[in-house]
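Residue numbers count from 1 along this sequence.
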Amino acid sequence: MDRFKKFGRSFRHAARGFQYVLTHEKNFQNELFIALFVVIGMFLFHVTRSEAIVLTFVIMIVLITELLNTVVERMVDILKPRVHPYAKLIKGLMAA
């Protein structure tokens with residue numbers, strides 16, 4: 001029973017993080033919107049199963065990378081709350 005409670009707690013934390021990026025991160029919203037078009041296109045253009053797997057994998061990589069970018073940006077904000085040239089550089093590099 002304890003395992004289910006831990007899993008539920010873990011799931012709630014993940015859901016809260018996902019809700020945060022959905023409501024606050026414009027780039028994530030844009031990428032999710034484009035991913036929706038790609039998925040619709042997969043059905044409209046009758047892509048092969050292997051192509052669908054590759055496209056799904058690429059979508060997942062893009063969204064995960066955006067989540068990691070958000071994490072790094074927030075960590076930079078915590079470490080250097082004022083605008084520091086290196087903080088600006090780090091954020092620019094992550095955006096690139």
Side-chain angles (χ1 to χ4, degrees):
M1 192 62 163
D2 190 42
R3 179 182 286 180
F4 291 116
K5 285 183 182 179
K6 286 182 181 179
F7 177 76
R9 202 173 319 129
S10 248
F11 190 78
R12 282 191 301 276
H13 290 306
R16 191 171 37 228
F18 191 69
Q19 181 183 8
Y20 175 84
V21 295
L22 280 178
T23 57
H24 294 93
E25 293 298 318
K26 189 65 176 164
N27 286 337
F28 190 85
Q29 294 169 358
N30 293 341
E31 291 162 1
L32 202 59
F33 186 69
I34 291 169
L36 180 65
F37 274 115
V38 171
V39 170
I40 291 169
M42 287 168 38
F43 290 107
L44 290 177
F45 294 110
H46 306 290
V47 298
T48 65
R49 182 172 289 181
S50 60
E51 290 170 337
I53 290 170
V54 170
L55 285 171
T56 303
F57 184 70
V58 170
I59 289 169
M60 289 172 40
I61 293 297
V62 167
L63 294 176
I64 290 168
T65 304
E66 185 60 40
L67 289 171
L68 291 172
N69 180 38
T70 300
V71 168
V72 172
E73 284 185 355
R74 294 305 167 265
M75 288 173 54
V76 169
D77 289 342
I78 289 170
L79 296 174
K80 290 289 184 185
R82 293 181 300 253
V83 178
H84 186 277
Y86 283 144
K88 185 176 180 181
L89 175 65
I90 290 170
K91 286 186 172 190
L93 291 170
M94 288 299 295

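Applying the side-chain hydrogen bond (donor to acceptor under 3.5 Å, both in side chains) criterion to Asn27, with sequence neighbours excluded, gives no partner residue. Take Val54 and apply the side-chain contact (heavy atoms from CB on, under 4.5 Å) test, not counting sequence neighbours, and it matches Val58. Partners of Ile40 under the side-chain contact (heavy atoms from CB on, under 4.5 Å) rule, at least two apart in sequence or in another chain, are Leu36, Leu44. Taking Leu32 as the reference, Leu22, Phe28, Leu63 meet the side-chain contact (heavy atoms from CB on, under 4.5 Å) condition, with sequence neighbours excluded. Every ring pair (Phe, Tyr, Trp, His ring centres under 6.0 Å) that Phe33 has, sequence neighbours left out, goes to Phe37.
Identified under the salt bridge (charged side-chain N to carboxylate O under 4.0 Å, His left out) test for residues 15-37, with sequence neighbours left out: Glu25-Arg74. Here side chain to side chain donor-acceptor pair (under 3.5 Å) pairs that include residues 40-57, with residues two or more places apart or in two chains, are Thr48-Ser50, Thr48-Glu51.
Connectivity analysis of hydrophobic side chains (ILVMFWY, heavy atoms under 4.5 Å, direct or indirect) links Val72 to Val76, Ile90, Met94. Clustering of Ile, Leu, Val, Met, Phe, Trp and Tyr side chains at separations under 4.5 Å leaves Met60 isolated, with no partner residue.
Among all heavy-atom pairs drawn from Val39 and Phe43, the shortest one is O-CD1, 3.2 Å.
Cluster annotation: Leu55 and Ile53 are assigned to distinct hydrophobic clusters (Ile/Leu/Val/Met/Phe/Trp/Tyr, side-chain heavy-atom contacts under 4.5 Å, transitive). Both Leu67 and Ile59 belong to a single network of hydrophobic side chains, linked directly or stepwise wherever heavy atoms of I, L, V, M, F, W or Y lie under 4.5 Å apart.
Distance check, rounded to the nearest 0.5 Å: CZ of Arg12 to CZ of Phe7 gives 11.0 Å.
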